[in-house]
Amino acid sequence: DDEMGDDDEEEGKTTMLVEDKNKKSKPELHDISLVQRRDRERIPVRYCTLGTRDAARDPHTLVELSAFSAINRFQPFNVAVSSNVLLLMDFHCHLTTSEVVGYLGGRWDTNTQLLTVLRAFPCRTRLADKDAAPAVEEEICQNLFMRGLSLVGWYHSHPRGPALPSLQDIDSQMDHQLRLQGSSNGFQPCLGIICGPYYHGNQGVASTITPFWVVPPPEQRPNDYGIPVAVEVTYVQDNFLTTDVLNEMMLLVEFYRSAPDLVQFSQMWSPNSSVLDKIKASLSGHAPKDQAYAQILEHVYNQLRSTQ
């Protein structure tokens with residue numbers, strides 16, 4: 001979806017131009033990762049300071065999340081997210097310095113008001129490539145259909161910034177919610193997730209993963225922005241990695257292999273760990289606790305190493 005863009009994608013485009021110059025110079029290992037030096041600190045604002053919509057306001061302005069209780073609401077649905085969804089999403093978001101996007105497949109049970117997120121569908125397309133997007137989305141729709149799943153949400157990354165929605169993300173999320181709700185079966189929630197892999201303000205090496213939803217502004221203030229709220233989620237540990245997920249991981253490695261904005265995995269993330277070490281540590285939080293899967297993931301990491 002082109003409206004999900006962020007200024008990070010611009011970087012991807014400009015890097016393409018300097019790509020040839022850089023082919024010869026391998027990154028220096030002694031300099032602490034590029035990621036750190038290029039952090040653009042975007043300070044989040046509180047929702048209550050926004051007021052009425054203002055065209056002059058930067059659409060990339062980040063907004064802090066409210067709690068449902070703070071706006072006198074209950075969370076209108078329960079959410080369960082499978083660990084394989086987090087694993088694939090987190091992996092996708094770590095591969096490139098540009099913003100990525102993907103969809104979430106699952107099921108909505110009207111009786112229990114439970115939204116179960118069972119599968120992530122990464123979009124293997126560049127945000128700048130508007131022409132490829134429809135074909136990629138069509139493929140994902142067919143993929144969902146073949147697995148008997150519904151579209152239940154979307155995710156995107158903020159590579160080097162806080163995992164909080166921008167004004168643009170809030171509008172995108174509202175659009176998605178309205179689109180899903182427009183289907184015949186009445187209310188169906190649409191979950192938004194933001195993943196922040198390379199923000200140096202994160203606690204530890206794990207990505208920050210932020211599930212959110214948008215409450216429409218009060219009727220008497222139709223020109224206000226929607227209110228972004230934090231969604232409480234139960235994370236369900238899968239017992240094994242499906243071949244589906246592994247296959248997607250390998251397709252992603254292939255897709256980004258020669259990309260100019262591919263992350264430099266051998267670069268240092270902190271004084272004693274490389275970017276690849278950081279990725280492994282972040283993903284280990286979602287991986288099944290079985291030795292067999294550790295070996296399978298090691299195979300994926302070897303493929304990453306071979307990209308550079």
Side-chain angles (χ1 to χ4, degrees), residues 1-6 8-9 12 79-96 98-108 115-159 165 168-169 171-185 188-195 197 207 209-213 231 233 238 241-257 259 261 286 300:
D1 257 337
D2 48 62
E3 79 264 29
M4 295 173 198
D6 191 347
D8 286 303
E9 182 60 23
V79 184
V81 178
S82 105
S83 60
N84 277 342
V85 169
L86 297 176
L87 183 85
L88 184 53
M89 181 174 68
D90 200 10
F91 182 72
H92 186 197
C93 295
H94 269 104
L95 296 181
T96 164
S98 298
E99 192 170 315
V100 303
V101 69
Y103 292 100
L104 301 171
R107 301 203 172 92
W108 167 240
L115 188 74
T116 313
V117 185
L118 296 165
R119 180 77 159 75
F121 293 92
C123 289
R124 290 189 301 278
T125 174
R126 313 199 62 73
L127 291 179
D129 184 2
K130 304 285 185 277
D131 301 335
V136 170
E137 291 186 10
E138 179 56 35
E139 188 188 339
I140 289 173
C141 284
Q142 291 185 356
N143 238 324
L144 279 163
F145 180 71
M146 277 165 24
R147 290 175 172 75
L149 300 176
S150 307
L151 180 65
V152 296
W154 65 296
Y155 70 86
H156 73 287
S157 66
H158 287 179
Q168 198 172 30
D169 296 336
D171 284 346
S172 293
Q173 175 63 20
M174 276 299 298
D175 288 346
H176 284 298
Q177 286 175 199
L178 291 169
R179 218 176 298 164
L180 276 194
Q181 214 170 302
S183 61
S184 53
N185 54 5
Q188 185 197 317
C190 170
L191 185 68
I193 297 182
I194 302 171
C195 177
S207 300
I209 291 178
T210 307
F212 77 108
W213 200 62
V231 170
V233 168
D238 286 306
L241 281 177
T242 62
T243 46
D244 239 11
V245 169
L246 281 168
N247 188 32
E248 279 290 343
M249 290 172 92
M250 299 312 276
L251 288 170
L252 285 168
V253 173
E254 276 313 304
F255 180 76
Y256 289 106
R257 183 178 287 278
D261 47 2
H286 321 304
V300 177

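Keep in mind the model is a prediction, meaning the values are calculated, not measured. Below, all heavy atoms of this structure are taken into account, side chains as well, without hydrogens, waters or symmetry copies.
- Glu139 is listed as a side-chain neighbour of Arg124, based on a closest heavy-atom distance under 4.5 Å.
- Shortest non-hydrogen contact noted between Pro189 and Leu180 is O-CD1, 3.8 Å.
- The two atoms that bring Cys195 and Asp90 nearest to each other are SG-OD1, 3.7 Å, heavy atoms only.
- Val300 places a side-chain heavy atom less than 4.5 Å from the side chain of Leu246.
- Checking side-chain atoms of Gln188 against main-chain N and O of Leu151 turns up a donor-acceptor pair under 3.5 Å.
- The main-chain N or O of Ser98 is found under 3.5 Å from a side-chain atom of Thr96 such that the two form a donor-acceptor pair.
- Residues Phe91 and Val253 have side chains in contact (heavy-atom distance under 4.5 Å, counting atoms from C-beta outward).
- Here the closest non-hydrogen pair linking Ser207 and His94 is OG-CE1, 3.1 Å.
- Note that the CG atom of Asn247 and the CG atom of Leu251 stand 4.5 Å from one another [nearest 0.5 Å].
- A heavy-atom distance below 4.5 Å is not found between the side chains of Pro122 and Val100.
- Pairing each heavy atom of Tyr103 with each of Cys123, the nearest pair is CE1-SG, 3.7 Å.
- For the pair Met249 and Leu88, the minimum side-chain heavy-atom distance is below 4.5 Å.
- Between the CD atom of Glu248 and the OG1 atom of Thr242 there is a distance of 9.5 Å, given to the nearest 0.5 Å.
- Closest approach of Val231 and Phe212 over heavy atoms only: CG2-C, 3.6 Å.
- In this structure, CD on Gln173 lies 10.0 Å from CD1 on Ile193, to the nearest 0.5 angstrom.
- The aromatic rings of Trp154 and His156 sit parallel, their planes meeting at an angle under 30°, below the 60° perpendicular limit.
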If you apply the rule side chain to side chain contact (heavy atoms under 4.5 Å, CB included), what do you find for Met89 with Val117, and how did you get there? CA-CA 12 Å; Met89 181 174 68; Val117 185; over 6 Å; no

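- Side chains of Thr210 and His158 form no contact here, defined as non-hydrogen atoms less than 4.5 Å apart.
- With values rounded to the nearest 0.5 angstrom, Leu86 atom CG is found 5.0 Å from Ile209 atom CD1.
- Put simply, CZ on Arg179 and NE2 on His176 are 5.5 Å apart, with the number rounded to the nearest 0.5 Å.
- Listed by chain and number, the residues in a side-chain contact (heavy atoms from CB on, under 4.5 Å) with Leu118 are Arg107, Thr116, Leu149 (sequence neighbours excluded).
- Shortest non-hydrogen contact noted between Cys190 and Trp213 is O-CD1, 3.2 Å.
- Ring pair Tyr256/His92 is tilted by interplanar angle, where 30° to 60° counts as tilted.
- Note that NE2 of His286 and CG of Leu241 are 11.5 Å apart. Values are rounded to the nearest 0.5 Å.
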